[in-house]
Q: 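Okay, handing you the structure first.
Each chain gets a letter, A, B and so on, in the order the sequences are listed, and its residues count up from 1.
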There are 2 protein chains.
Amino acid sequence: MSARSSRSTQPQHEDAGASAAAVRGGSIAAVAQRAGVSVATVSRVLNGHANVRAATRERVLAEIETSGYRVNELARNLRTAESRLLLTMVPDFGNPFYAEIVRGIDSVARAHGFFLLLCDTGADAGRERSYFDLLRRHRADGAICLDPATVQHANQVMAAESTALPWVACCEFDPDVGVPYVGIDNYRAAHDAVRHLLARGRRRVALINSDEHYLYAQQRRDGWRDALGEAGIAMRDVWRVNVNCLDYDAGAQAAAALMQLPAGEAPDAIFAVSDTLAVGVLNGLRGAGRRVPQDVAVVGFDDIALAAQIDPPLTTIAQPMRELGETAARLLLRRFADPRASVPGVLLPHRLVVRESG
Amino acid sequence: MSARSSRSTQPQHEDAGASAAAVRGGSIAAVAQRAGVSVATVSRVLNGHANVRAATRERVLAEIETSGYRVNELARNLRTAESRLLLTMVPDFGNPFYAEIVRGIDSVARAHGFFLLLCDTGADAGRERSYFDLLRRHRADGAICLDPATVQHANQVMAAESTALPWVACCEFDPDVGVPYVGIDNYRAAHDAVRHLLARGRRRVALINSDEHYLYAQQRRDGWRDALGEAGIAMRDVWRVNVNCLDYDAGAQAAAALMQLPAGEAPDAIFAVSDTLAVGVLNGLRGAGRRVPQDVAVVGFDDIALAAQIDPPLTTIAQPMRELGETAARLLLRRFADPRASVPGVLLPHRLVVRESG
DNA sequence: TTGAAAGCGCTAACAG
DNA sequence: CTGTTAGCGCTTTCAA
């Protein structure tokens, strides 16, 4: 029997005794044969089962060592019916806010033997929003969704099925839907930010918000509106601008537009719902010849690392990004452990960080 | 025969006819039975093979539609011996430079039916550098390594085996090793940056560099040193500071340290090998009461989106980040197509972007 | 403590 | 054009 056909993946029908081919390559059968034990035994030592005699274990381990055998996880995955992959859907992992959350997810996932299957949902834009199909096809064991658009899609068009799938929502969520979630109290956070601005004597506080189709954006808008109202200031529509992207340029443009307003109407403060937006706002204000905070105060949201570095350092609402990610992962893991357990919603605390921009 | 045991994954030995259990759930066999065809036929329509009569195809498709069947990729992966996952090793995906490269990788990977298995190598720090084991265990079909430490580890301790594994190096690479790579000409890039500073009349140009254990750092240092030398300026060791992390604070601290130098020695320009570092430098300089560029000019590296937003806008060496990622992915894909093809090394062009910082 | 054997669900050769 | 069938490499009963 020669070594030929060792690359073939096709049936070989060589001689009577089966797996004639399997014996050569790096299969568990090959290791078993060379170590003079059964495949079951090799599998047992591979998985650290106790019921293997020490001497036998040593022999198998030695054979594995010398042959450089590595378990084929493709086969293991089929047999155990799990991929040990966690799907992570993020709208834009170039955004430091999401990047940090993903880090949190990754750390607990790794600690539990899972890897991340990363999907930048923004990369596909509107196209095929069926990332959940990856779950159905067993490409991932569970999912964490950071993308508000995808969360809403799941809640609305998948409705019932959505709650049956092993996933959790992070940052954007609907408490009424039965999908586990973790996030912050967006209403209070926005309210806190605006109240801070008001306390510093600002009166015309603009809001640069995401698409208010999203729940979190609605909540932040409400927080802004109510804080103004409580100070006896009627919210004005010209002070509210919605952007559909959280990058720097969007913030810069929004700020520039706001500064076009006639003198008495132009805001003396801007609350942006993301630090990246706020960094752009700073830039846009500079372009419009406004000083921060003298002419216009700026408050951001998230407290990414950059917030403390720029000039002027950004006052912002800190979100516990790492914990958000860690909690999301833990919620999902808990769901694996008991698929029918109650599904908690978790709100983590935010915090106003006062720096020099407002 | 009741519906019991439908959740069981264990052998059932129920009655004579095999796969009694398999027929129920969402297996291909179940679909086949209900559609009145064989599993082979279902597999054919699933994979879009041409040799299926239209009527039969319709029948199968209809059954798939009504039953909501989804292929089990775990099984498919085992059978086809591929995971269709690309391992992406990045030292820190919170860094916008890497994030953008990963985007490039992702876009071509998706276009070819691959997903990304993301590994933040920094998350583990020194611990277990054996990410390549994921390849050996078939957890991924190939890998792209953006982490200089991991690249060196592969080149040095894995030597021969390394070149046999399906991976490509991105940004950090050793042309002599036989591993496909993509990157830029770091020597010339650094040389260009420093020459620019010199042309603007700066004489004491400091370098904030990565750990010079890495090749790319050595090359950039050489470019800096030679550009100075060509201008008749001897490089001074006090002008060179090495950091082992590219985050903002590292840059801020390095700049602060540099500004401690006695008047005649203190640099009038700083070249930092990463924009994140440079942003920190701007902050450090501000803390030391220096104006940019009047007192100290600053040049960064990478041209991340932020570079154009901060104050003052950053002069920097632009790297084609997306193309870097796309090229890396394409190189890897080409290697899949022909494992024994020649392994090209690709150098992409860099570009000096002059803004206001220096 | 060990081994034999039954599949996990799929693809593809081969035969009709 | 369609069906039968042999595995991919592994884990886990079940029996010894």
Side-chain angles (χ1 to χ4, degrees), chain A residues 5 7-14 17-33 35-57 59-60 69-84 137-139, chain B residues 5 7-14 16-33 35-57 59-60 69-83 137-139:
Chain A
S5 86
R7 301 188 62 80
S8 168
T9 68
Q10 309 320 327
Q12 284 301 323
H13 303 245
E14 303 227 330
S19 49
V23 170
R24 248 222 75 68
S27 72
I28 217 176
V31 174
Q33 196 192 62
V37 298
S38 72
V39 294
T41 298
V42 176
S43 176
R44 286 187 190 107
V45 347
L46 244 22
N47 292 287
H49 292 188
N51 52 346
V52 179
R53 192 159 34 110
T56 310
R57 177 189 310 283
R59 195 144 38 91
V60 172
Y69 166 80
R70 292 290 186 290
V71 63
N72 181 334
E73 303 210 29
L74 260 25
R76 173 179 286 175
N77 288 345
L78 172 60
R79 180 56 226 228
T80 61
E82 57 181 22
S83 65
R84 304 219 59 98
R137 291 184 292 170
H138 298 272
R139 220 174 199 323
Chain B
S5 86
R7 301 190 60 81
S8 168
T9 69
Q10 310 320 328
Q12 284 301 324
H13 303 244
E14 302 226 331
S19 48
V23 170
R24 250 221 72 70
S27 72
I28 218 177
V31 174
Q33 197 191 60
V37 297
S38 72
V39 293
T41 298
V42 176
S43 177
R44 287 186 189 107
V45 345
L46 244 22
N47 293 288
H49 292 189
N51 51 346
V52 178
R53 190 158 36 110
T56 310
R57 177 189 310 283
R59 195 143 39 90
V60 173
Y69 167 80
R70 291 292 186 288
V71 63
N72 181 336
E73 303 209 30
L74 260 26
R76 172 181 286 175
N77 288 346
L78 172 59
R79 179 58 226 227
T80 61
E82 56 181 24
S83 65
R137 291 184 292 171
H138 298 269
R139 216 167 207 320

Q: How many Å lie between CZ on R79(B) and P on dG7(C), as a whole number?
A: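 It is 19 Å, rounded to the nearest whole Å.
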Q: If you assign each of V52(A) and L46(B) to its closest nucleotide in DNA chain C, which residue comes earlier from the 5' end?
A: V52(A)
Q: Are side-chain heavy atoms of R76(B) and N47(B) found at a separation under 4.5 Å?
A: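 Yes. Closest side-chain heavy atoms under 4.5 Å.
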Q: Find the distance N72(B):CG to dG9(D):P and express it as a whole number of Å.
A: 18 Å
Q: Looking across every strand, which nucleic acid part, if any, lies under 4.0 Å from V39(A) by heavy atom: base, sugar-phosphate, or nothing?
A: base
Q: Quick one: R137(A) CZ to dC10(C) P, roughly how many Å, whole number?
A: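 These atoms are roughly 12 Å apart.
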Q: Do R57(B) and V60(B) come within less than 4.5 Å of each other through their side chains, counting heavy atoms only?
A: no
Q: Taking any heavy-atom pair under 4.0 Å as a contact, classify S43(A): base, sugar-phosphate, or nothing.
A: base
Q: Taking OP1 and OP2 of dT1(C), is either one under 4.0 Å from a side-chain nitrogen or oxygen of R53(A)?
A: no
Q: Could you check whether N51(A) gets within reach of a base, just the sugar-phosphate, or nothing at all, counting any heavy atom under 4.0 Å?
A: base
Q: Can you tell me if Y69(A) touches the phosphate of dG9(D), counting only side-chain N or O atoms and a distance under 4.0 Å to OP1 or OP2?
A: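 The answer is no; no side-chain N or O of Y69(A) sits under 4.0 Å from OP1 or OP2.
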Q: Just by distance, do the side chain of R137(A) and the backbone of R70(B) share a donor-acceptor pair under 3.5 Å?
A: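 A pair under 3.5 Å: no.
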Q: Of all the choices, dG9(C), dC1(D), dT13(D), which nucleotide is nearest to the side chain of T56(B) once you look at every atom?
A: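 Looking only at side-chain atoms, T56(B) lies closest to dC1(D).
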Q: Side chain of A40(A), heavy atoms from C-beta onward: which of dT11(C), dA4(C), dA6(C) has the nearest atom to it?
A: dA4(C)
Q: Can you figure out which of dA13(C), dC10(C), dT13(D) approaches the side chain of R44(A) most closely?
A: dT13(D)
Q: Look at the side chain of L78(A) and decide which nucleotide, out of dA6(C), dC1(D), dG9(C), has an atom nearest to it.
A: dG9(C)
Q: Return the value, rounded to whole Å, for the distance between atom CD of E82(B) and atom C1' of dT11(C).
A: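 Distance check: E82(B) CD to dT11(C) C1' gives 12 Å.
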Q: With a non-hydrogen cut-off below 4.0 angstrom, is N47(A) in contact with a base, only sugar-phosphate, or nothing?
A: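 Answer is sugar-phosphate: N47(A) comes under 4.0 Å of backbone atoms only.
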Q: If you pin T80(B) and S38(B) to their nearest nucleotides in DNA chain D, which one's is more 5'?
A: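 Upstream on the strand: S38(B).
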Q: Just how far, in rounded Å, is P of dT1(C) from CZ of R59(A)?
A: 14 Å
Q: What's the CD1-P distance between I28(B) and dG3(D), to the nearest Å?
A: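 Going from CD1 in I28(B) over to P in dG3(D) covers 13 Å.
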Q: Measure the distance from NE2 on H49(B) to C1' on dC10(C) and round it to the nearest whole Å.
A: 12 Å
Q: Let me know the distance between CZ of R76(B) and C1' of dC8(C), rounded to the nearest Å.
A: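 For the pair R76(B) CZ and dC8(C) C1', the rounded distance is 16 Å.
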Q: If every non-hydrogen atom of A32(A) is compared with every non-hydrogen atom of V39(A), which pair is closest and at what distance?
A: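 So the minimum-distance heavy-atom pair works out to CB-N, 3.7 Å.
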Q: Closest approach of G36(B) and R59(B), non-hydrogen atoms and distance?
A: O-NH1, 4.0 Å
